[in-house]
Engineer: 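Encoded as structure tokens, here's the structure I'll be asking about.
Scope of the values below: all heavy atoms of this structure, side chains included, with no hydrogens, waters or symmetry mates. For ligands, and for the atoms within them, numbers begin at 1 and follow the listed sequence.
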Amino acid sequence: MRWRNAILAGVGLVALAAPVSAKVTAPAGAKVFRLDGGGVTYAMGVDEKGYLQPLYWGSALAAGDPLISGDPVKTGDPIVLKAPGELSGFDPAGSVTLQEYPGQGEGLVSEPGVKALFADGNRDLVLKYRSHKVSGETLTVELADIRRPLFVTLTYTIDPATGIVARSARVRNGDARPVRVDQLAAAVLSLPVGDDYRLHYLTGRHAAEWTQKTVPIEAAATVLESRRGSTGHGNNPWFAIGREGLTSEEHGPVWYGALAWSGSFRISVGSDNLGRVRIAGGYNPYDFSWTLKPGETLDTPVFYAGYSGDGLGGASRTFHQFEVAHILPHGTKARLRPVLYNSWEATAFDVTEAGQMALAEKAAKIGVERFVVDDGWFGARNNDKAGLGDWTVNPTKFPNGLKPLIDRVKGLGMDFGLWVEPEMVNVDSDLYRAHPDWVMNFPDRPRTEGRNQLVLNLARTDVRDHLLGVLDKLVSENDIAFLKWDYNRNWTEAGWPEQPVADQQRVYVEYVRNLYYILSELRRRHPKLEIEACSGGGGRVDLGIIGLTDEVWPSDNTDPADRLTIQDGFTRAYPVAVMMAWVTDSPNWANTRVTSLDYRFLSSMQGGLGIGANLDKWADADFATARKWVAAYKTIRETVQRGSLYRLESPTGDNATSATMYVGQDKRQAVLFQMLHSSMWRDNPAAIHAQGLDPVRVYSVRNARRLGAARGRACAGRRGRTG
Ligand code: GLA
């Protein structure tokens, strides 16, 4: 799509260099920057007054294409981008000029990239182009305030395969006095004027994560945010934008993005005073400031931004491809997720050596590859009132330590995993008794407990080093292949009293940085260790944590029908490669729904398969059913976890069924699940059509339980009816 807004139209701006092979172009003397890759072009330019203006973000332009429609295209014209004047007394030039990353100043009325307070009380910040550098696929552009030595460096890296642009910002105080940063975005993104944009986002709460919402983009901005200290269950830091009537699951333009940050964040989406869409995302300014000392810098997390012309399905497939290749710690070489057993729903805190061994033996018989002991193995942990913080094995439950259990698990051909919640402490714990000052707090104020626990202040280096030491010891002394890393409450009194007052709100950034440090250092010391990110289910799922873990737990809600909706929402943003799904008992704890074991398996087989049922209560027939499905899963898991996902029928809305299809990378295998979801009046489900198959291949249909005519038959890969 071309820029069509009145303010920019008619300006004589052309890209002079042909970016045929180059991914990033910035012709000498011409201040126009183009990032080309993966079928996408992203462009910006410096105008006659020195502002950096966004020019284009969408499907790939040809080398000589004008960046603004309606402009006189004469290759060789000097590139001069006009800066608009004021539109009215209410819309001064500073609020009319569309800026790639504006400072809060000169009458800006949309979201700034950065807002600052100088030592003398000045709050006016006007950023203009200063310099740039191109290095491979990365462009950096330095902006500076018109009067003060405050600098912002914007970094852009385009992925040649997907066209996804990784954006971040660094602010530097070059002044001799401190400057307080009150707001800092990783990126501000823009789309031309239009009244048909629709914002898709993901929201929810504990056990109801990944609910999909679609709202019009209007002057009343939609703010996706967390004020909780961590990503939270409320809004996920992901968005997608389509156009009404043009964008569907299969077709049409989609602009999307996600912030790689596991702390409080804010992404605002709305149209500005001239109707142009502005998307700004970064640290949440709520309760946040960072006073930059002279010479100090503050970096933002990375905001990834992509474009697809192939609808919401195309956008998520491209994003999944990018996430697997560039975000997962081992990239495309990451192991496929092993079939896991977790004891939580079976035994809760009632964990004993004998009980876990008995479960392990049963789990091994059905083909489980990883046995995980959940909460309850450590300290004085007999319920959720005590023990968090004391990461030593409970001597009553495991008189000989974990070794006998781990040996048994390994002898049964499985590897061993353990639940931890390192960032938390119960007041009733040895750690809290020794270090009551280690939790976030405001002196002489209440310390609000959540699930009877307080949050350790990871921003403190002594707390960080203690946790790293404890975890390192645990993993070094025991043969542990996997940690389920949980995080079960939000922040309340987020105080850091040991710091000077001006630096206390750094806790929002330093905490998350130290969490990332512990995770990455633990991985460095134990390269084979795998980690699952969990936060009361899906309360901390984002590209920051996914970059340091191997899988995530999307929700504590394990009802297999609810889970279809959860998985449908989750995969809008994140890849199946990390999405765990357990088979648990029926009726389900979350909603008392009764489902067959077959249904539960088929729902969970759409992600990384796990089993969390109480195997002590299973009948022989249940074990036989489980063995059958676990064996079947192993024949399809590479396709499910690494293939391309087509959401043929979403379980949202009025659809009676949910249908997902996974096509292997080499397109030799495809897997289609169609599950009854919200049927009324014995609906006869509508026909579904396979997608993504190789049109010249002939596929044989296997294990089709209800595919009627297609069963046992060979089917051509071209688009057509499958059942
Ligand atoms: C959280 C997790 C659960 C389980 C419990 C243990 O709620 O999401 O899966 O690990 O904690 O206390």
Engineer: Taking everything shown except Arg627 itself, do over 12 heavy atoms lie less than 6.0 Å from its CZ?
Structural biologist: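 Yes - once you tally the heavy atoms of other residues, nucleotides and ligands closer than 6.0 Å, there are more than 12.
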Engineer: On a heavy-atom basis, which atom in Trp238 and which in Leu202 lie closest, and how many Å separate them?
Structural biologist: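 Heavy atoms only, the tightest pair is CE3-CD1, 3.5 Å.
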Engineer: Under a 3.5 Å threshold, yes or no: a donor from one side chain and an acceptor from the other, between His677 and Asn655?
Structural biologist: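 No donor-acceptor contact under 3.5 Å links the two side chains.
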Engineer: Quick check: closest heavy atoms across Asp542 and Trp261, and the distance to 0.1 Å?
Structural biologist: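 In this case the closest contact between Asp542 and Trp261 is CG-O, 3.2 Å.
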Engineer: Do Arg370's NZ or CZ and the ring of Phe416 fall within the cation-pi criteria of under 6.0 Å and 45°?
Structural biologist: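 Verdict for Phe416: no cation-pi partner in Arg370.
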Engineer: For ligand 1, list the protein residues that place a heavy atom within a distance below 4.0 Å of one of its atoms, sorted by chain and number.
Structural biologist: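 Within 4.0 Å of ligand 1, the protein residues are Trp344, Asp374, Asp375, Trp419, Arg451, Lys484, Asp486, Asn488, Cys534, Gly536, Gly537, Trp553, Asp556.
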Engineer: Please table the atom pairs, donor to acceptor, closer than 3.5 Å between any side-chain atom in residues 609-623 and protein atoms at least two apart or in another chain.
Structural biologist:
{"residue": "Asn614", "atom": "OD1", "partner": "Asp616", "partner atom": "N", "Å": "3.1"}
{"residue": "Asp616", "atom": "OD1", "partner": "Lys362", "partner atom": "NZ", "Å": "2.6"}
{"residue": "Asp622", "atom": "OD2", "partner": "Ala619", "partner atom": "N", "Å": "3.0"}

